[in-house]
Amino acid sequence: MAKTFELEIIASDHPFFKGQCEMLIFPGIDGEHGILAKHESMVTCLNAGELRFLVDGEWHYAAVSAGFVEITSDYVVLLADTVEKPEEIDINRANEAKRRAQERLRQKQSIMEYYHTQAALNRAMSRLKVTNRHM
């Protein structure tokens, strides 16, 4: 049996997963991070994108938004605003959010509004990417 660590994934409104995990791959601000058992301890930021984790030899996928990840040698806690399985994502709603964000980017905005719009577009795009890849 592969070496495992305890993984806890928590969305802002509900616990998503808790159990033994063999490998975790998540989007960070500087690219994807891969975590195995006995990983060096650290705390890092989570970006919107695709989350993958290996449990009993089977990969599980989810779309995540911004958050934080705390890693120790035998325990990982991932906290995110939202965590959604591909089958839970409303594709029409995600496409509409993408369209709205793209339209707002074409308009004159303050720097803060631009960053909020860019974040909304990133969330919509990551949700669509996960559904297209795993549905």
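Values reported hereafter were calculated over all heavy atoms of this structure, with side chains retained and with hydrogens, waters and symmetry mates removed.
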If every non-hydrogen atom of [X] is compared with every non-hydrogen atom of [Y], which pair is closest and at what distance?
X      : Y     : answer
Asn92  : Asp90 : N-OD1, 3.1 Å
Val130 : Pro86 : CG1-CG, 3.6 Å
Leu46  : Ala80 : CD2-CB, 3.7 Å
Cys45  : Phe68 : SG-CE2, 4.2 Å
His33  : Asp30 : NE2-OD1, 2.9 Å

[Y] side chain reached by [X] side chain, heavy atoms, under 4.5 Å:
X     : Y      : result
Tyr61 : Leu51  : no
Glu96 : Lys98  : no
Asn95 : Leu128 : yes
Leu78 : Ile10  : no
Met23 : Trp59  : yes

Review point. After noting the C-alpha distance and the side-chain angles of Arg52 and Glu32, does the key distance pass the side chain to side chain contact (heavy atoms under 4.5 Å, CB included) rule?
Key: CA-CA 10 Å; Arg52 302 183 303 264; Glu32 285 192 326; 3.1 Å; yes
Is [X] atom [atom1] crowded by more than 12 heavy atoms from other residues, nucleotides or ligands, each under 6.0 Å away?
X      : atom1 : value
Tyr114 : OH    : no
Gln107 : CD    : yes
Met125 : CE    : no

Exactly one of Val76, Ile25, Leu7 clears side chain to side chain contact (heavy atoms under 4.5 Å, CB included) with Ile35, and that residue is Val76
Q.
Are Phe53 and Phe17 an aromatic pair, judged by ring center distance below 6.0 Å?
A. yes
Checking [X] side chain against [Y] main chain: does a donor-acceptor pair fall under 3.5 Å?
X      : Y      : value
Ser126 : Ala48  : no
Glu22  : Gly57  : yes
Glu50  : Pro27  : no
Glu113 : Ser110 : yes

- Would you say the side chains of Thr82 and Ser65 form a donor-acceptor pair under 3.5 Å? yes
message: Go through it in stages, so that I can follow the logic: the residues are His116 and Gln118, the test is side chain to side chain contact (heavy atoms under 4.5 Å, CB included), and I'd like the CA-CA distance, side-chain angles, deciding distance and then a yes or no.
response: CA-CA 5 Å; His116 285 283; Gln118 191 64 46; over 6 Å; no
The salt bridge (charged side-chain N to carboxylate O under 4.0 Å, His left out) partner of Glu103 among Arg99, Arg100, Arg106 is Arg106
- request: Report yes or no: do Ile9 and Ile89 belong to one cluster of Ile/Leu/Val/Met/Phe/Trp/Tyr joined by side chain heavy-atom distances under 4.5 Å?
  value: no
Side chain to side chain contact (heavy atoms under 4.5 Å, CB included), that's the test. Do Thr44 and Met42 meet it? Break it down for me.
CA-CA 7 Å; Thr44 188; Met42 67 183 212; 3.9 Å; yes
Practice prompt. Could you please spell out the steps behind the side chain to side chain donor-acceptor pair (under 3.5 Å) verdict for Glu70 and Tyr75?
Written response: CA-CA 8 Å; Glu70 180 184 8; Tyr75 193 79; over 6 Å; no
Go through the steps for Thr72 and Val77 under the test side chain to side chain contact (heavy atoms under 4.5 Å, CB included), then give the verdict.
CA-CA 9 Å; Thr72 65; Val77 178; over 6 Å; no
Applied to residues 77-86, the salt bridge (Lys or Arg N to Asp or Glu O under 4.0 Å) test, sequence neighbours excluded, yields Glu84-Arg127
